[in-house]
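Below is one structure, written out as structure tokens; comments come after it.
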Amino acid sequence: MFNNPFGSFHDMVAEAKEEREQLDRLLTVSSPRDSIAVLAVALAVLLLGMWLFLGSVSRSLTLDGVVLSEAEVSPNGTRSVQALVSVTRDAAAEVDAGASVAVLVQTVASPATLPGTVTAIEIANPANGLAEFASRVPVGLYRMEVELASAADFASLVGEPCQVVVELPATAPAALVW
């Protein structure tokens, strides 16, 4: 701009003014295609946030244990079974009476899977005749009574290892994080 010693001062000022006017115009930082990408990412983050607080996740809890005993058949034709299961305190607090369960008993003869509902869960006291079963299950022992949907015979399965799969209530994903 001021590098030409032979140009007039007025010409140099006019040239400098034109350059400033070009700088006053808006600059294009991004194209419309970039704006669409930003909006798509914002929409995805918004949908994820809504799902975190308004969505639901179904969960289940698998408890390892031993079949303790079988109760009598009730008047409505169902049979209940008791199992000694290992549960952490936090997980035991989530298991309520009335929760849906599936009792899985793996035997050499045939595996059995029976649906039912939890009727009671309480801390097991190994001094009350459970000492022989307590050695088979890790720490955190709970006695769980399950009312089975069918009148299956569990008498031959007493003392067999089992798994009790408890269906926990659906919860918002954000509640699982915090």
Side-chain angles (χ1 to χ4, degrees), residues 39-178:
L39 286 174
V41 169
L43 180 65
V45 169
L46 177 69
L47 290 174
L48 178 64
M50 288 175 54
W51 175 75
L52 277 173
F53 293 101
L54 303 176
S56 66
V57 175
S58 59
R59 304 175 298 145
S60 64
L61 180 66
T62 302
L63 309 172
D64 293 320
V66 176
V67 176
L68 284 180
S69 66
E70 178 181 30
E72 297 293 322
V73 177
S74 68
N76 62 1
T78 60
R79 189 180 294 260
S80 63
V81 65
Q82 289 186 7
L84 185 65
V85 294
S86 62
V87 187
T88 63
R89 287 184 188 175
D90 297 339
E94 291 187 62
V95 178
D96 293 325
S100 225
V101 297
V103 180
L104 311 167
V105 181
Q106 296 290 346
T107 62
V108 177
S110 65
T113 302
L114 299 166
T117 55
V118 175
T119 55
I121 182 168
E122 59 188 23
I123 296 174
N125 184 355
N128 291 343
L130 301 177
E132 64 180 285
F133 297 112
S135 63
R136 297 185 191 179
V137 182
V139 182
L141 300 177
Y142 284 78
R143 179 193 301 256
M144 179 181 284
E145 187 169 330
V146 177
E147 184 177 295
L148 301 172
S150 65
D153 182 21
F154 260 76
S156 63
L157 301 176
V158 172
E160 291 290 330
C162 69
Q163 285 186 331
V164 180
V165 180
V166 181
E167 294 299 323
L168 298 175
T171 180
L176 298 175
V177 175
W178 288 286

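For clarity, every value in this text was computed on a predicted model and none was experimentally measured. Quick note: numbers below take in every heavy atom, side chains included, and nothing from hydrogens, waters or symmetry partners.
To the nearest 0.5 Å, atom CG of residue Leu63 and atom CG of residue Leu84 are 11.0 Å apart.
For Thr119, the side chain to side chain contact (heavy atoms under 4.5 Å, CB included) criterion is met by Glu145, Glu147, not counting sequence neighbours.
Across all their heavy atoms, Ala172 and Phe53 have their closest contact at CB-O, 3.9 Å. Among all heavy-atom pairs drawn from Pro173 and Ser56, the shortest one is CD-N, 4.2 Å. The two residues Ser60 and Glu167 have their closest heavy-atom pair at CB-OE2, 3.8 Å.
For the side chain to side chain contact (heavy atoms under 4.5 Å, CB included) test with Val164, the passing option among Thr62, Val67, Val101 is Val101; the others fail.
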